[in-house]
Colleague: 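Below are the structure tokens for one structure; questions will follow.
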2 protein chains.
Amino acid sequence: MTPVVPPADDADPPRARGRADAERNRTRVAEAAALVFAEHGLDATVAQVADRARVGNATVYRNYPSKTELLSEVALRWLVDWRTALRAAADAGDVPFREVFLELYARLRGDRLALDLLRAGAIDDEVTAARAEVEALFTASLDAAVADGLVRPGITYADLSVLILGTAGRLSEIGETDPAAWRHVADMIWAGIATG
Amino acid sequence: MTPVVPPADDADPPRARGRADAERNRTRVAEAAALVFAEHGLDATVAQVADRARVGNATVYRNYPSKTELLSEVALRWLVDWRTALRAAADAGDVPFREVFLELYARLRGDRLALDLLRAGAIDDEVTAARAEVEALFTASLDAAVADGLVRPGITYADLSVLILGTAGRLSEIGETDPAAWRHVADMIWAGIATG
DNA sequence: CCGGAACCGGACTAGAGCAATCCGCTTCGA
DNA sequence: TCGAAGCGGATTGCTCTAGTCCGGTTCCGG
């Protein structure tokens, strides 16, 4: 059973194998993908990613078997990050829902992929599962706020989904990137759902 | 100069000329177009309209020179109708802005073309002009409400555009057609923009 | 510094989706 | 009855995109 494969001492760089230039390209592609998907969401094309990375499209496919795979990697990064933040807030216990709410707006601003993910994003099972977790955590936070009398009774996750994803989508659509403008909209929404 | 063309007594049916079956088809196409565009907005295809009218696609093109022309006719119908309503409200003078606001929500529900028109709809100059008029009338109504202290100061047409078009777009996207659900969202938005 | 393996870019393939046209056949109506 | 008006759907021509192929280039161990 003694393996014939290389020593496999992938200690520090978990994926650093093969030629150095190839590794450099892999990084470039990943970084470009993050930017391009943030800008164009699910509509981004592989060619756009390749161009941004200053690389041929074949190089993208050499590192990722399909566009879906690439999308999934970027999507999961966002979802896991947001999930971590939500869990931390839940664990702390004393984070007001308003902050969670505003934080979501801030994370959606300028990130069309994030928006697309929460809107429909059926990329693969892993992403779907992560999204479900994130939604559950957010819902729990909202329900607690309703129970505490911070948010008007009768307001559900479905309602907030329409309000937040709808307005964030529209802001993206018109190319609004000013944080103050986003904040202004968030404040109006908040005024509509908060108690007195 | 005595014209050789037919009597041209197009009194009652302004467009009734040619064979009866052709006229019938023209009507079917127009009706189908209204339904299909309402359902799919600008994304609707000519083939969908033809199928809905139970007609070959060539019949559509026999009556309308291009898809744009067809779209324009349907779009103008909606815009002129809404403009008329807005003018009537303005002339009456005592229509509370809240009613105008709710009426817009009602008119956007189940009509994706209307939504697309207000969101971006650059179909042709006529449509663009009609939309501009409609926006001006709505803005005037909003500004009056702000002046009257019914709507919080600092709320602009741009704000309402994001709130209304965003949420209506999202409701359409998820296929929500229940009037009560739309009304619920409208009420939340209203609570966010109205004074005390 | 050499040679072959690994890697590269971009031309290419395959296929979907669409507006608009063409044309042989059918139906209307004088 | 018969010719013109009208018909449908096959077809064309275009755009756009995911994914593959291949001749040339670059890296790096010996």
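All values reported here derive from a predicted model rather than from experimental measurement. Letters A, B, ... mirror the listed sequences (proteins, then strands); counts begin at 1.
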Colleague: Not counting sequence neighbours, which residues clear side chain to side chain donor-acceptor pair (under 3.5 Å) with A/Asp51? List them please.
Modeller: none

Colleague: Go along nucleotides 5-10 of chain D 5' to 3' and tag each nucleotide: B for a protein heavy atom under 4.0 Å from its base, S when only backbone or sugar atoms are that close, - otherwise.
Modeller: BSBBBB

Colleague: Using the heavy-atom set of chain A and a strict 4.0 Å cut-off, write down the first and last nucleotide of DNA chain C that makes it in, 5' to 3'.
Modeller: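 So the contact region on DNA chain C extends C/dA5 to C/dA11.
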
Colleague: Looking at B/Arg77, I want to see if its CZ is surrounded by more than 12 non-hydrogen atoms of other residues, nucleotides or ligands under 6.0 Å.
Modeller: yes

Colleague: Sequence neighbours excluded and cut-off under 3.5 Å, please list the side-chain donor-acceptor pairs for residues 183-196 of chain A, or say none.
Modeller:
| from | atom 1 | to | atom 2 | distance (Å) |
| --- | --- | --- | --- | --- |
| A/Arg183 | NE | A/Asp187 | OD1 | 3.0 |
| A/Arg183 | NE | A/Asp187 | OD2 | 3.3 |
| A/His184 | ND1 | B/Asp159 | OD1 | 3.3 |
| A/Asp187 | OD1 | A/Arg98 | NH2 | 3.3 |
| A/Thr195 | OG1 | A/Gly149 | O | 2.8 |
| A/Thr195 | OG1 | A/Leu150 | O | 3.3 |

Colleague: Return the set of residues passing side chain to side chain contact (heavy atoms under 4.5 Å, CB included) with A/Glu31 (not counting sequence neighbours), or none when no residue passes.
Modeller: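 For A/Glu31 the side chain to side chain contact (heavy atoms under 4.5 Å, CB included) partners, ignoring immediate neighbours, are A/Thr27.
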
Colleague: Could you list all the ring-ring contact (aromatic ring centres under 6.0 Å, His included) pairs where at least one residue sits in residues 21-53 of chain B, not counting sequence neighbours?
Modeller: none

Colleague: Less than 3.5 Å apart, which donor and acceptor atoms pair up between the side chains of residues 131-140 of chain A and the rest of the protein, not counting sequence neighbours?
Modeller:
| from | atom 1 | to | atom 2 | distance (Å) |
| --- | --- | --- | --- | --- |
| A/Arg131 | NH1 | A/Leu117 | O | 3.0 |
| A/Arg131 | NH1 | A/Ala120 | O | 3.0 |
| A/Arg131 | NH1 | A/Gly121 | O | 3.3 |
| A/Glu133 | OE1 | A/Arg87 | NH2 | 2.8 |
| A/Glu133 | OE2 | A/Arg83 | NH1 | 2.9 |
| A/Glu135 | OE2 | A/Tyr157 | OH | 3.4 |
| A/Thr139 | OG1 | A/Glu135 | O | 2.6 |

Colleague: Rounded off to whole Å, could you give me the OH-to-P distance for the A/Tyr61 and D/dC22 pair?
Modeller: 18 Å

Colleague: Give the rounded distance in Å between these two atoms: CG of A/Leu71 and P of D/dA18.
Modeller: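 Checked: the CG to P distance equals 10 Å.
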
Colleague: Give me the residues of residues 28-43 of chain B where at least one heavy atom lies under 4.0 Å from an atom of DNA chain C, by number, or none.
Modeller: none

Colleague: Looking at residues at least two apart in the chain, or sitting in another chain, which of them share a salt bridge (charged side-chain N to carboxylate O under 4.0 Å, His left out) with A/Glu39?
Modeller: A/Arg52

Colleague: Using a 4.0 Å heavy-atom cut-off across all strands, classify B/Ala50 as base, sugar-phosphate, or nothing.
Modeller: nothing

Colleague: Side-chain polar contacts of residues 162-177 of chain A - donor-acceptor pairs under 3.5 angstrom, sequence neighbours left out - could you list them?
Modeller:
| from | atom 1 | to | atom 2 | distance (Å) |
| --- | --- | --- | --- | --- |
| A/Thr167 | OG1 | A/Tyr105 | OH | 2.6 |
| A/Thr167 | OG1 | A/Leu163 | O | 2.6 |
| A/Thr167 | OG1 | A/Ile164 | O | 3.2 |
| A/Arg170 | NH1 | A/Glu173 | OE2 | 2.8 |
| A/Arg170 | NH2 | B/Arg119 | O | 3.3 |
| A/Ser172 | OG | A/Ala168 | O | 3.3 |
| A/Glu176 | OE2 | A/Asp178 | N | 3.0 |

Colleague: Under the ring-ring contact (aromatic ring centres under 6.0 Å, His included) rule, what pairs show up with a residue in residues 43-74 of chain A, not counting sequence neighbours?
Modeller: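 Checked against ring-ring contact (aromatic ring centres under 6.0 Å, His included) - neighbours excluded - no pair reaches residues 43-74 of chain A.
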
Colleague: Find which nucleotide of DNA chain C each of B/Ala47 and B/Ala20 is nearest to by heavy atoms, and output the residue with the more 5' nucleotide.
Modeller: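 Final value for this comparison: B/Ala47.
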
Colleague: List in chain and number order the residues that pass side chain to side chain contact (heavy atoms under 4.5 Å, CB included) with B/Ala20, two or more places apart in sequence or in another chain; answer none if no residue qualifies.
Modeller: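 Side chain to side chain contact (heavy atoms under 4.5 Å, CB included) list for B/Ala20, sorted by chain: empty.
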
